[in-house]
2 protein chains.
Amino acid sequence: MTDTKEIISKLTDKGLKITPQRIAVYEALVEFYHPTADDIYKKVLEKIPGLSYTTVYNILDTLVTNKLITRVKTDADVMRYDAITEHHHHLYCASSDRMEDYYDPELDQLLKEHFKRKQPCGFTITDIRLQLMGDFTKE
Amino acid sequence: MTDTKEIISKLTDKGLKITPQRIAVYEALVEFYHPTADDIYKKVLEKIPGLSYTTVYNILDTLVTNKLITRVKTDADVMRYDAITEHHHHLYCASSDRMEDYYDPELDQLLKEHFKRKQPCGFTITDIRLQLMGDFTKE
DNA sequence: TGTTTGAATGTAATAATTACAATTTAGTAA
DNA sequence: TTACTAAATTGTAATTATTACATTCAAACA
């Protein structure tokens, strides 16, 4: 349901200029699951020939800074990006390097209550991210 | 309490040869908190002149493969290593790029119970890692 | 339509990590 | 102790991901 119009309004809401590059990068972010910068570059290049790698990184930086996307990292080696900014966790399988989103409001509630009772001393929590390591049992 | 003897026995238990490089790298891992490969290289170089960067990476790989240490990643950009293999979580402050261990058996119990009741479908969990994002309020 | 400011581009640099061939060393057994 | 073998270390060079920066271009708005 994230169409071009929605993307444009997200960008303008943040006072960002609308460019074909930005729209295409954002579309790629929505289409892929946890893409790397390289995934995005390759995809957007189809639509925008002459696209520069630097542009992709610039746009990703801008989107992260404006909290439209988030950076995600796993034990694998490259940075990944996530267009879904609503709170969620990640399932990650090291052997296949595959990563999926995991939503669990019940768990979030549980964590919230736990950390209300018991705060790590000297640390203010702003976000809790779970990484569930394991294996995908079926495709 | 992790002295040289202990390190040696950990290595031999896994059938690994004892070398000065391995011992020194392991010692650095214990001494530092979540060091990068570079941190370790610089430290070990003091003890072992002529040390190669490749050796550090080789040793780290070997230790990870043998589950004597773990890889840790954050939103920041470099791989970090952790000599503490017993289960724990991480507090991470993005602005200072500082990271600390966090132990909370009560939380672990909570999570264990939660995921016993409710398993993410098509995924077998082998490890749960929490990354608590936020700010260190005091030094 | 013109102007301004922010965005995209290209090139080149840097930083982290890996590949690989050659040399050296730890562990073992004669 | 010596010799052997497999494993570990080293050095060099390549690769990959990312960033810096100067120049060119284009979106937004008067």
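Just so it is clear: chains get the letters A, B, ... in the order the sequence lines come, proteins before strands, and each one is counted from 1. These values consider heavy atoms only, across backbone and side chains, with no hydrogens, waters or symmetry-generated copies. Note that this is a predicted model, so its numbers are computed, not measured.
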Distance in angstrom units between I23(B) CD1 and dA8(D) C1', rounded: 13 Å
Any Q21(A) side-chain nitrogen or oxygen under 4.0 Å from OP1 or OP2 of dA26(D): no
Sugar-phosphate, base or nothing in reach of D38(B), heavy atoms under 4.0 Å: nothing
Rounded interatomic separation in angstrom, taking CG from L11(B) and P from dT9(D): 10 Å
Interatomic distance where CD1 belongs to I40(B) and P belongs to dA16(C) [whole Å]: 13 Å
Atom pair distance, as rounded to whole Å: NZ in K42(A) and C1' in dT16(D): 11 Å
Salt-bridge criterion met for K47(B) and E27(B) (N-O under 4.0 Å): yes
Candidate nucleotides dT17(C), dA17(D), dC21(D), ranked by approach to the side chain of Y57(B) - the nearest: dT17(C)
Interatomic distance where OH belongs to Y53(A) and C1' belongs to dA13(C) [whole Å]: 17 Å
N/O donor-acceptor pair, side chain T54(A) with base dT18(D), under 3.5 angstrom: no
Short side-chain N/O contact from S52(A) to OP1 or OP2 of dA8(C), under 4.0 Å: no
dA16(C) base / T36(B) side chain donor-acceptor hit below 3.5 Å: no
Candidate nucleotides dA8(C), dT10(D), dA27(D), ranked by approach to the side chain of I59(A) - the nearest: dA8(C)
Parallel, tilted or perpendicular, as decided by the 30° and 60° cut-offs, for the rings of H88(B) and Y103(B): tilted
Distance test, side-chain N/O of T19(A) to OP1/OP2 of dA8(C), below 4.0 Å: yes
Distance-only donor-acceptor test (3.5 Å): side chain K17(A), base dT5(C): yes
Crowding at NZ, K118(A) (>12 non-hydrogen neighbours, <6.0 Å): yes
Ion pair check, D38(B) and K42(B), cut-off under 4.0 Å: yes
Given DNA chain C, 5'-ward residue of the pair T12(B) and I48(A), judged by closest heavy atom: I48(A)
Whole-Å gap separating C1' (dT24(C)) and CG (N58(B)): 14 Å
Y41(A) and Y53(A) aromatic ring geometry - parallel, tilted or perpendicular at 30°/60° bounds: parallel
Between C1' of dA17(D) and CG of D61(A), the distance in whole Å: 13 Å
Pairwise 5' ranking along DNA chain D for R22(B) and G50(B), keeping only the more 5' one: R22(B)
Whole-Å gap separating P (dT17(C)) and OH (Y41(B)): 15 Å
